[in-house]
> 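Take a look at this one; I'll ask things after.
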Amino acid sequence: MDQTCYWILRCEQRLLTIADSTPERIFPSGPAAAFGHPENALHVGQWQGQACYAADVEQLPAVPGGEATPLRAIYQLAGAETFALAGRAVQLLDWQAQHRFCGRCGAPTTIKNGEMAIQCPVCGLLAYPRISPAVMVLVRDSDRLLLARSPHFKPGVFSALAGFVEPGETLAQCAAREVREEVGIAIANLRYFDSQPWPFPNSLMVAFFADYAGGTITPDPNEIEAADWFPLDALPTLPEPISIARRLIDAARP
């Protein structure tokens, strides 16, 4: 790769960014030689009209203004589009790192030419990037919203309910099951809102509105620390704007 490209370089879960740059120039650019010819670089798309590659490195190269930045911070520094590209890069790097050997026969694997797949040269098994779909549900009853908090949330933060889709399950079935399991109520009138790739580590969040259809809030102590109805004009601390959960809740407010 002698041509000038953009690079998303990761070391110890931090990405190389350029301080005090514009959002469009937050990632360094140049030929591979300028960054020590990173091994196993993956093409992750186009950025600002140039090819963009990602690679894991043992040490971030020294570049003018270079900083080691957590993935979550990319959103605040450069916006949603840049965060989405960085998230794609991180997911693909994780996929590459976790499939260095075949899951069926144990042989070393290689990237398949012309396809985003890892192939075993011995038994032929193909491994594609993993995507784990998860459903998020904001339940509404008149002028109040059902919000809950996980023990893993920042102190005081409440959000919509969410959970992973199980094998053989539709999104609608998952939504009803997760709400029932997490807080013990029934829902109706499920309505799609939007979706968001969520690279922590490899989810696709699919968000819905739903109406309350009966039952008493009974939080599952294994997953939910607290849950309650909140008036639209008196909501608790909400998730940060980086998450689709915040956009979902904001869309429900007048």
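Numbering starts at 1 and runs along the sequence shown.
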> Taking the inter-plane angle between the rings of W95 and H99 on a 0 to 90° scale, is it parallel (under 30°), tilted (30 to 60°) or perpendicular (over 60°)?
tilted

> Using only atom types and a distance under 3.5 Å, with no angle test, would you say the side chain of Q173 pairs donor to acceptor with the backbone of T170?
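Yes; at least one donor-acceptor contact below 3.5 Å.
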
> Any salt bridge linking R246 with E240? Criterion: basic side-chain nitrogen under 4.0 Å from a carboxylate oxygen.
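Not counted as a salt bridge, because no side-chain N and carboxylate O are separated by less than 4.0 Å.
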
> Keeping the roles fixed (side chain from R140, backbone from L138), state whether a donor-acceptor pair exists under 3.5 Å.
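Checking the backbone N and O of L138 against the side chain of R140, no donor-acceptor pair under 3.5 Å is found.
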
> Shared ILVMFWY cluster between F193 and V137, side chains joined below 4.5 angstrom?
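No, F193 and V137 fall in different hydrophobic clusters.
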
> Walk me through it: do D250 and R247 pass the test salt bridge (charged side-chain N to carboxylate O under 4.0 Å, His left out)?
CA-CA 5 Å; D250 286 346; R247 291 196 290 117; over 6 Å; no

> Would you please classify the geometry between the F35 ring and the W7 ring as parallel, tilted or perpendicular, with 30° and 60° separating the classes?
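The arrangement is tilted - the two ring planes meet at 30° to 60°.
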
> One thing to verify: whether R130 and D94 come together as a salt bridge, which I'm taking to mean a side-chain N less than 4.0 angstrom from a carboxylate O.
no

> Considering only heavy atoms from C-beta outward, does the side chain of I118 approach that of Y128 to under 4.5 Å?
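No. Closest side-chain heavy atoms not under 4.5 Å.
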
> Is the distance from the ring center of Y6 to that of Y53 below 6.0 Å?
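Y6 vs Y53: aromatic centres not under 6.0 Å.
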
> Sub-3.5 Å donor-acceptor pair from the side chain of Q196 to the main-chain atoms of I244, do we have one?
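Yes.
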
> Rounded to the nearest 0.5 Å, how far does CD1 of I187 lie from CZ of F208?
9.5 Å

